[in-house]
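The next block holds one structure in the form of C-alpha cells; read it before the comments.
Values below: every heavy atom of this structure, side chains too, minus hydrogens, waters and symmetry copies.
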Amino acid sequence: MVGQRRLLTEAYLVGVELRTALESGQSFCNALRMLKDSFDALDDGYPEWHPAPHSFEGIVRLFLYRELTGESYRELSKYPELASVFGLEKIPGESVLSRTWHNRFDDATRTFVTTAAHYVVKEIHDRDIDVPEARPKAEVVTQDRDPSAFPDEPAEDIPLEFTAEQIQRTTRLARDHGFDGFDSSRGANATYEDTQFFELQTFMGMVGCGTPQGANRFQYRHGPDSGPHGDTHLRTVKQFDPETLIEGFDAATDRLLSVIESEATFRRPVTAAIDITNIPYYGDVEGMSMVSGTKDEDCRAFKFATLSIIGQNIPLVLGVEPIKESSEWDKNPPNKIHRVVRRLVKRAQDHVPIETVLCDREFDSQHVFQTLSNLGVNYLIPKRINSTEREVIETMDEDEQEVAVETASVHVEAGSHQMRFLYVPSTKGDGTAVFATNLRVGPEEAETVCRRYSRRWQIENEYKSIKHDFLAKTSSKDYRVRLFYFVFAVLLYNIWRLTDFLLKADVDGPMDYAPVVTAGECVEIVVSALIPPD
C-alpha cells in the first residue's frame with residue numbers, strides 16, 4: 001500500500017492541478033478528463049480477472065466529480081453524458097457505486113478522493129473561482145496545514161469514519177424517537193402497525209419513487225406480507241388530517257430534542273430562519289385550493305413554510321406550516337403571512353428559546369415585524385427597495401456614505417414598536433442593501449449585524465436535502481397525501497441530522513455544521529438496513 005505521506009502528496013498535487021484548470025476557465029468535467037497519470041499511486045481493489053465493466057481510472061474520476069459537487073449516487077444517474085467524459089460505458093447504478101466505494105476502493109483510494117476533492121472545494125470558495133456546481137465549503141472538512149509536510153498518520157481534521165453498524169444503530173435510535181410522535185388512530189385490530197407504514201414511507205422517500213412502485217419493491221424484497229399494499233398505504237395516509245399531522249410532527253420534534261436536551265448550545269437562545277419552499281404541481285388546478293401560483297406564471301406549486309435552527313447548533317426543522325394563498329381558481333382569502341409566522345415561532349418556542357429570526361423579502365411586512373416583536377424575538381429581514389429607500393440611497397451617494405441607519409416606528413392593530421432600517425453595502429455586488437430590524441443598532445455596527453443574515457444559506461442546503469434525499473414522489477391531488485409526504489420528508493431530514501449529532505457526541509472535540517455522514521450516505525445505509533441485499 002502507498003505510504004500515507006506519498007498518498008496525501010499525490011492527492012494534493014491532483015487538487016492543485018484541478019484548481020489551476022478551473023481558474024483558467026475549464027469546466028469540472030474537462031478538468032477531470034485532462035488529468036494525466038494522476039492515479040498511479042492507487043490500487044484497483046478488483047483483481048484483473050474480476051468482470052468489472054468500468055475502468056478503474058474512469059470510476060475514480062467519477063467519484064472525484066461526486067465529491068466536488070456533493071451529488072448523491074441517485075443524482076449521478078441523471079447525467080448519462082458523464083460516462084463518455086470519464087471514459088465509462090455508462091454511469092453505474094446506485095448499488096454498483098456503493099459497492100465500488102466500499103469494496104473496490106480501499107482506504108487509501110477513499111482518502112485520496114476525499115482529500116483531493118475537498119481541497120479543491122475549499123480553494124474554489126477561498127479564491128472565489130466561478131464554479132457554480134461546487135458544493136458548499138461547509139459540507140467538507142479540509143486539512144488546514146502545509147501540504148508539503150504531512151505526518152505519516154491521518155490528521156485530526158480528516159473526516160471522521162464510522163462503521164455501517166454504528167450508523168445503523170444510531171439511525172434506528174433516532175428513527176424510533178421520530179416515528180413515536182405519529183399515531184394514525186386506527187383500530188387495535190389493524191393488519192399493519194403504524195411503524196410499517198412509516199418504514200414504507202421512509203423507503204419511498206429514500207429511493208425516490210411513488211407509492212405503487214415503492215410498495216411493490218418493498219414487498220418484493222421483504223416478502224408479500226411484509227408491508228401494506230400501495231392503496232392501503234394511501235388510505236392510511238389520508239387518515240392524518242392536517243392539524244393532527246402537524247401536531248404529530250411537533251410531538252416527534254419534542255422527542256428528538258429530548259435526546260439532546262443536555263447539549264449546552266440548546267439551553268441558550270438560538271437563531272432561527274423562516275422560509276417558504278415550493279413543491280411543483282403540474283395537474284389541473286380546478287378545486288385545488290392549496291395549489292398556489294409562483295413567480296413563473298406557467299408554474300403552480302404546493303407551498304410550505306418552515307422554521308429551522310441555523311448557526312452552529314444542530315440544524316433541525318422545528319416547525320412546518322402549510323401555505324394557503326388566494327388564486328384565480330379558488331375563493332381563498334388573501335394570505336396573512338404574519339399569522340403563519342406567529343404559529344411557527346410559538347411552536348418553536350415550546351422547544352427552544354429563540355433570540356433572532358431571519359426571513360427573506362417575502363416577509364417584508366409591518367404586520368410580520370409587529371408579530372415578531374410581540375413574540376419577544378429580534379428580527380432581521382431584507383427590505384424591498386421602494387421610492388422611500390431609493391431617496392435615502394441617493395442621499396447616501398451624494399454624501400459619499402456607505403452605511404446609514406434610519407429610525408422608524410411600526411403601528412398596526414396588534415401594537416407598535418420602534419425599529420430601524422439598516423443601509424449597508426450589498427454582498428452580492430455593487431449597490432446598497434436595506435434590512436429591517438428591531439435591534440438597537442448604530443451605523444458602526446450595521447454591517448456586522450447584517451452579516452448574520454448570511455447564515456440563511458444553510459436553509460437552502462436543507463431544502464435541497466429534504467426534496468432530493470427524503471421526499472417520496474406522488475401525483476396525488478389529495479392535499480392530505482401531499483402534506484403527509486412533505487412533513488415526513490422533513491422528519492427524515494431531522495432524523496439524519498440527529499443521527500449525525502449522536503455520532504459526533506461519541507467523539508471528543510468541538511462540533512460543527514458539516515455532517516460527518518452526508519444525507520446520501522445516510523440514505524444508502526438506512527435503505528440497506530430496511531432492505532437486505534439479494
Side-chain angles (χ1 to χ4, degrees), residues 1-46 48 52-93 96-97 100-101 104-137 139-143 146-148 150 158-159 518 520:
M1 179 180 292
V2 177
Q4 183 74 11
R5 183 187 299 274
R6 180 189 168 195
L7 172 75
L8 293 177
T9 300
E10 294 288 340
Y12 272 93
L13 288 174
V14 167
V16 171
E17 187 175 349
L18 284 172
R19 182 205 68 202
T20 303
L22 293 172
E23 282 183 314
S24 70
Q26 292 190 42
S27 67
F28 259 154
C29 292
N30 194 49
L32 286 166
R33 183 174 55 191
M34 297 303 292
L35 291 174
K36 299 296 185 183
D37 304 322
S38 301
F39 310 126
D40 294 342
L42 306 179
D43 294 322
D44 188 345
Y46 289 165
E48 292 185 3
H54 308 290
S55 75
F56 181 68
E57 184 172 306
I59 211 75
V60 171
R61 295 178 196 272
L62 180 62
F63 272 91
L64 279 169
Y65 177 85
R66 178 179 185 257
E67 282 296 320
L68 287 162
T69 61
E71 299 282 7
S72 67
Y73 291 162
R74 188 170 65 191
E75 289 293 315
L76 286 177
S77 65
K78 297 179 181 179
Y79 306 111
E81 65 273 12
L82 291 178
S84 60
V85 172
F86 297 145
L88 302 170
E89 293 185 6
K90 64 177 182 178
I91 297 298
V96 174
L97 289 170
T100 297
W101 182 257
R104 189 174 187 179
F105 287 3
D106 58 14
D107 288 341
T109 302
R110 289 193 291 268
T111 300
F112 177 94
V113 169
T114 54
T115 299
H118 293 181
Y119 168 77
V120 175
V121 171
K122 180 175 181 292
E123 288 288 280
I124 287 171
H125 292 285
D126 288 351
R127 294 171 177 259
D128 198 23
I129 304 172
D130 185 18
V131 184
E133 306 96 330
R135 67 197 300 182
K137 179 181 174 181
E139 288 186 1
V140 302
V141 181
T142 55
Q143 298 162 321
D146 182 357
S148 64
F150 300 116
I158 289 178
T518 67

Subject >> Working for salt bridge (Lys or Arg N to Asp or Glu O under 4.0 Å), residues Arg19 and Glu123 >> reply: CA-CA 7 Å; Arg19 182 205 68 202; Glu123 288 288 280; 3.0 Å; yes
Original post:
Going through the distances and angles, do Phe86 and Glu57 end up as a side-chain contact (heavy atoms from CB on, under 4.5 Å)?
Top reply: CA-CA 8 Å; Phe86 297 145; Glu57 184 172 306; over 6 Å; no
Min side-chain heavy-atom separation [X]-[Y] under 4.5 Å:
| X | Y | value |
| --- | --- | --- |
| Leu97 | Leu62 | yes |
| Thr109 | Asp43 | no |
| Arg135 | His118 | yes |
| Thr115 | Tyr119 | no |

Looking at [atom1] of [X] and [atom2] of [Y], how far apart are the two atoms once the value is rounded to the nearest 0.5 Å?
| X | Y | atom1 | atom2 | value |
| --- | --- | --- | --- | --- |
| Thr20 | Gln26 | OG1 | CD | 10.0 Å |
| Ile124 | Leu18 | CD1 | CG | 9.0 Å |
| Arg66 | Leu82 | CZ | CG | 13.5 Å |

State, to 0.1 Å, how close [X] and [Y] come at their nearest heavy-atom pair, and which atoms those are.
| X | Y | result |
| --- | --- | --- |
| Ser55 | Gly87 | OG-O, 3.9 Å |
| Val121 | Leu68 | CG2-O, 3.8 Å |
| Ala116 | Ala11 | CB-O, 3.4 Å |

**OP:** Quick one: list whatever passes side-chain contact (heavy atoms from CB on, under 4.5 Å) with Ser27, sequence neighbours left out.
**Re:**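 With sequence neighbours excluded, Ser27 shows a side-chain contact (heavy atoms from CB on, under 4.5 Å) to Cys29, Asn30, given in chain and number order.
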Subject >> Sequence-distant partners of Val96, side-chain contact (heavy atoms from CB on, under 4.5 Å), two or more places apart >> reply: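 Listed in chain order: His54, Pro92, Arg99, Thr100.
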**OP:** Mind checking side chain to side chain donor-acceptor pair (under 3.5 Å) for Glu23 and listing every partner two or more places apart, or none if nothing turns up?
**Re:**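 Applying side chain to side chain donor-acceptor pair (under 3.5 Å) to Glu23 gives Arg127.
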**OP:** Mind checking side chain to side chain donor-acceptor pair (under 3.5 Å) for Asp126 and listing every partner two or more places apart, or none if nothing turns up?
**Re:**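 In terms of side chain to side chain donor-acceptor pair (under 3.5 Å), with neighbours along the sequence ignored, Asp126 is linked to Lys122, Lys137.
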**OP:** Please name all residues satisfying ring pair (Phe, Tyr, Trp, His ring centres under 6.0 Å) with Phe56, sequence neighbours left out, ordered by chain then number.
**Re:**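 Counting only residues at least two positions away or on another chain, Phe56 forms a ring pair (Phe, Tyr, Trp, His ring centres under 6.0 Å) with Phe105.
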Original post:
How far apart are the C-alpha atoms of Val120 and Val14, what are their side-chain angles, what is the distance that settles it, and do they pass the side-chain contact (heavy atoms from CB on, under 4.5 Å) test?
Top reply: CA-CA 9 Å; Val120 175; Val14 167; over 6 Å; no
